[in-house]
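This report concerns only the one structure given below.
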There are 2 protein chains.
Amino acid sequence: MPTIRDVSKLAGVSIATVSRVINNSGYVKQETEKTILHAMKVLKYEPDPIARSLAGKSTRMIALVVPDILNPFFPEIAKAVENEASRLGYTLILCNTDNSLEKEESYFRVFEQKRIDGVILASYTFDASQIKKWQRKMPIVVIDNRFPEHPTIVSIISHNRSGAHLAVNHLIEQGCQKIAHICGPMDVYSAKERYKGYEDICESQEWFTPDLVVQGNFQIKESYQATLQLMNRHQDVDGIFAGNDIMAVGALKGLLELNIGVPSEVKLVGFDGISIPLVVPELTTVSQPIGEMGALAMFRLVDLMNNRPLESNVQVLNVDLMIKDSSTTRASKEFMK
Amino acid sequence: MPTIRDVSKLAGVSIATVSRVINNSGYVKQETEKTILHAMKVLKYEPDPIARSLAGKSTRMIALVVPDILNPFFPEIAKAVENEASRLGYTLILCNTDNSLEKEESYFRVFEQKRIDGVILASYTFDASQIKKWQRKMPIVVIDNRFPEHPTIVSIISHNRSGAHLAVNHLIEQGCQKIAHICGPMDVYSAKERYKGYEDICESQEWFTPDLVVQGNFQIKESYQATLQLMNRHQDVDGIFAGNDIMAVGALKGLLELNIGVPSEVKLVGFDGISIPLVVPELTTVSQPIGEMGALAMFRLVDLMNNRPLESNVQVLNVDLMIKDSSTTRASKEFMK
DNA sequence: ATGAAAGCGCTAACAC
DNA sequence: GTGTTAGCGCTTTCAT
């Protein structure tokens with residue numbers, strides 16, 4: 001592998017000048033620049049990123065921390081982030097935490113040690129003080145979570161509350177007379193907002209009781225079990241709003257188990273809009289712009305890494321109701337039972 | 001951040017000696033070692049990985065290249081690889097290629113430049129000669145693919161052909177009288193093996209015709225369309241073996257579209273055994289040990305990186321038939337129609 | 001068993 | 001505009 005020294009020799013200049021054209025910093029005569037560029041081409045020279053990093057430049061590596069890479073939401077985020085990262089010349093490090101605080105902490109220590117330039121963090125376990133602590137050492141952009149009390153934390157999130165309104169109103173329009181909610185962990189901002197959105201609309205209905213809300217923890221299995229319980233308590237539930245798509249899948253499994261038809265007996269709406277249409281029947285869902293969220297996270301991170309000021313620390317994205325088969329009895333299709 | 005120099009001063013030795021204990025190479029008196037270890041602890045010293053890399057050591061970074069991170073098979077691989085990698089002190093770089101040869105090539109160039117220690121490659125587009133070319137520069141372990149003509153390529157793969165036997169025999173046992181196959185790209189080893197497995201058993205049946213095999217290309221959409229065509233050509237097909245799970249999902253969608261009951265009218269079996277049970281009804285599938293495959297890939301890569309000889313360049317894993325709802329009419333559950 | 005010193009390939013003052 | 005040089009933090013001969 002040729003080094004900067006080889007280039008400087010071939011071009012008949014000093015390595016400093018070569019360095020200048022590599023970084024195009026400082027002044028360098030058009031002509032010499034040309035000679036150098038040519039020499040670089042001839043030698044197929046590529047600056048060594050490790051040496052650059054050691055000499056004080058950035059590592060051009062960023063990390064993506066996700067709680068559960070098996071939840072299709074996160075591969076979608078990962079795809080978008082990786083795509084933008086590689087386009088911008090960054091290398092993406094993937095970290096899966098299984099919702100473990102310990103792992104998160106240990107990853108951040110590695111990031112510091114390896115001088116990662118920045119991190120995109122999806123976590124439901126890390127709290128504001130820990131984020132702020134690490135933020136002093138490296139730029140961090142949080143996705144799908146938010147800390148309203150801590151305005152210095154940069155985050156990207158969707159309109160969860162109004163998204164929930166869309167979901168519930170849709171169920172009402174479809175004629176549902178008793179709508180339940182399977183919620184995510186209540187200490188997670190997005191889960192709580194979706195819950196609040198449900199509450200906003202349902203609380204005032206005469207059929208409403210608090211135990212129409214059951215805990216699913218953003219997991220298939222928990223949601224499945226919660227659904228069994230729920231339908232046991234309230235046989236007359238005819239609409240379910242699940243706090244995310246995989247919980248909706250859990251609910252679907254539960255309803256199937258109980259021999260309850262979807263959508264004929266119970267109509268179901270999820271949240272997230274994971275793009276790979278894995279579920280049959282296809283799920284009606286409140287779709288977040290997941291790819292956009294990943295890409296924006298990358299852009300904001302780049303802003304931070306370049307000390308560019310942000311217009312605002314929190315960016316809230318619009319959501320969209322995607323009406324599919326699990327909530328509408330159309331075309332005479334019935335899926336279960 | 002303290003440096004090796006700080007440690008050497010505090011311990012009253014030269015940096016060379018400190019380096020020796022860091023790498024425990026060369027001789028160093030028990031006593032001095034203790035002093036140094038203590039000094040390191042006091043200063044909370046951690047060797048700078050970048051400096052180490054520059055000075056000629058490895059980067060402790062490995063790359064995982066996948067064709068499509070949205071296919072749940074690959075997040076599962078990624079999870080296992082990342083898990084072992086971080087356990088072993090390696091950092092995992094994620095690369096998504098969208099089956100683009102160009103992207104693959106460009107990633108490998110980056111790997112060389114960044115002195116990645118090794119790569120785990122899942123690709124259906126890279127061919128043997130390209131792998132061998134890059135293999136001269138860095139250790140590579142191929143997963144879910146294999147090049148029988150090129151025994152120097154290290155790969156990990158499942159028993160695809162006998163897995164297909166399991167699938168087809170199961171369908172026959174379930175009473176199927178005409179079994180079709182939705183295959184993956186025929187230039188991909190695993191797809192071809194699964195196809196061969198289907199053929200092994202079906203070719204001799206009196207109902208067999210070559211056009212019972214349709215092309216799905218390992219994608220949902222293509223498989224969906226292939227299924228529509230297939231069922232149009234052969235109304236009497238009552239069993240489908242799909243070359244992977246997401247193609248099985250595509251088939252399910254197609255059958256749904258045509259108002260064909262699963263499993264009552266058509267029984268369906270997939271391949272892969274993606275663990276997240278996203279599909280309702282749950283898919284009968286030939287399950288590969290996906291996590292194990294990822295972990296083994298990491299282990300073999302470590303062997304290669306340490307120049308340890310492998311017992312064999314190709315490792316073939318056992319598969320398992322997971323009987324679920326899409327192929328058995330049990331408990332009076334019927335899912336569609 | 002330990003230390004001195006020459007790099008690894010690059011950046012960034014500083015000097016001319 | 002361009003060159004000289006001192007690092008960045010570590011590894012690794014080569015002496016001793």
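Numbered from 1 within each chain, the chains take letters A, B, ... in sequence-line order.
- At distances below 3.5 Å, not a single donor-acceptor pair connects side-chain atoms of Asn71(A) with backbone N or O atoms of Phe74(A).
- Taking the nucleotide of DNA chain C with the nearest heavy atom to each of Ile15(B) and Arg115(B), the more 5' of the two is matched to Ile15(B).
- Phosphate contact (OP1/OP2 of dA4(C), side-chain N/O of Ser14(B), threshold under 4.0 Å): absent.
- No engagement by Ile50(A) is indicated, since no non-hydrogen atom pair under 4.0 Å with the nucleic acid exists.
- In this structure, the CD1 atom of Ile4(A) is 16 Å from the P atom of dT5(D), given to the nearest Å.
- With Asp117(B) as the fixed residue, the side chain to side chain contact (heavy atoms under 4.5 Å, CB included) test singles out one of Met61(B), Met138(B), Met305(B): Met305(B).
- Proximity of Tyr45(B) to the phosphate of dC10(D): a side-chain N or O atom is located under 4.0 Å from OP1 or OP2.
- In this structure, the nucleotide among dG9(D), dA1(C), dT11(C) sitting nearest to the side chain of Ala55(B) is dG9(D).
- Dashed line: the shortest gap from a side-chain N or O of Thr17(A) to OP1 or OP2 of dG3(D) is under 4.0 Å.
- When each of Val28(A) and Arg5(A) is assigned the nucleotide of DNA chain D bearing its nearest heavy atom, the one mapping closer to the 5' terminus is Val28(A).
- Electrostatic pairing of Glu84(B) and Arg87(B) counts as a salt bridge here, judged by a charged N lying under 4.0 Å from a carboxylate O.
- For the pair Glu33(B) CD and dA1(C) P, the computed distance is 12 Å after rounding to whole Å.
- Between the side chain of Asn23(B) and the backbone N or O of Ser25(B) there is no donor-acceptor pair closer than 3.5 Å.
- By the 4.0 Å N-to-carboxylate-O rule, Asp98(B) lies close enough to Lys103(B) to be salt-bridged with it.
- Rounded to whole Å, the distance from NZ on Lys9(A) to C1' on dG9(C) is 13 Å.
- To the nearest angstrom, P of dA12(C) lies 6 Å from CG of Asn23(A).
- Among the atoms of the strands shown, only primed sugar atoms or phosphate atoms (P, OP1, OP2) are found under 4.0 Å from some heavy atom of Thr3(B).
- Remark: Leu94(A) CG to Ile69(A) CD1 distance equals 5.0 Å, nearest 0.5 Å.
- Between Ser53(B) and dC10(D), a side-chain N or O to OP1/OP2 separation shorter than 4.0 Å is absent.
- When the C1' atom of dT11(D) is taken as reference, atom CG of Asp48(B) falls 13 Å away, rounded to whole Å.
- Electrostatic pairing of Asp303(A) and Arg300(A) counts as a salt bridge here, judged by a charged N lying under 4.0 Å from a carboxylate O.
- Counting to the nearest Å, the C1' atom of dC10(D) and the CD atom of Glu46(B) are 15 Å from each other.
- Ionic pairing of Lys133(B) and Glu105(B) is present here: one or more N-O contacts between side-chain nitrogen and carboxylate oxygen are shorter than 4.0 angstrom.
- With the end axes of the helix from dA1(C)-dT16(D) to dC16(C)-dG1(D) each set by five pairs, the angle from one to the other reads 40° at 10° resolution.
- The CG atom of Asp6(B) sits 13 Å away from the C1' atom of dC10(D) (whole-angstrom rounding).
- Between dT2(C) and Thr32(B), a contact under 4.0 Å exists linking OP1 or OP2 to a side-chain N or O.
- In terms of modelled atom types and a separation under 3.5 Å, the side chain of Arg60(B) and the main chain of Leu88(B) share a donor-acceptor contact.
- Taking for each of Gly56(B) and Lys29(B) the nucleotide of DNA chain C with the nearest heavy atom, the 5'-most of the two is the partner of Lys29(B).
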Polar-atom pairs under 3.5 Å, protein N or O versus N or O of nucleotides 13-16 of chain D: list them with distances, or write none.
none

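- Asn306(A) places no side-chain N or O within 3.5 Å of a backbone atom of Arg308(A) that could act as its donor or acceptor partner.
- Between Tyr27(A) atom OH and dG1(D) atom C1' the separation is 10 Å, expressed in whole Å.
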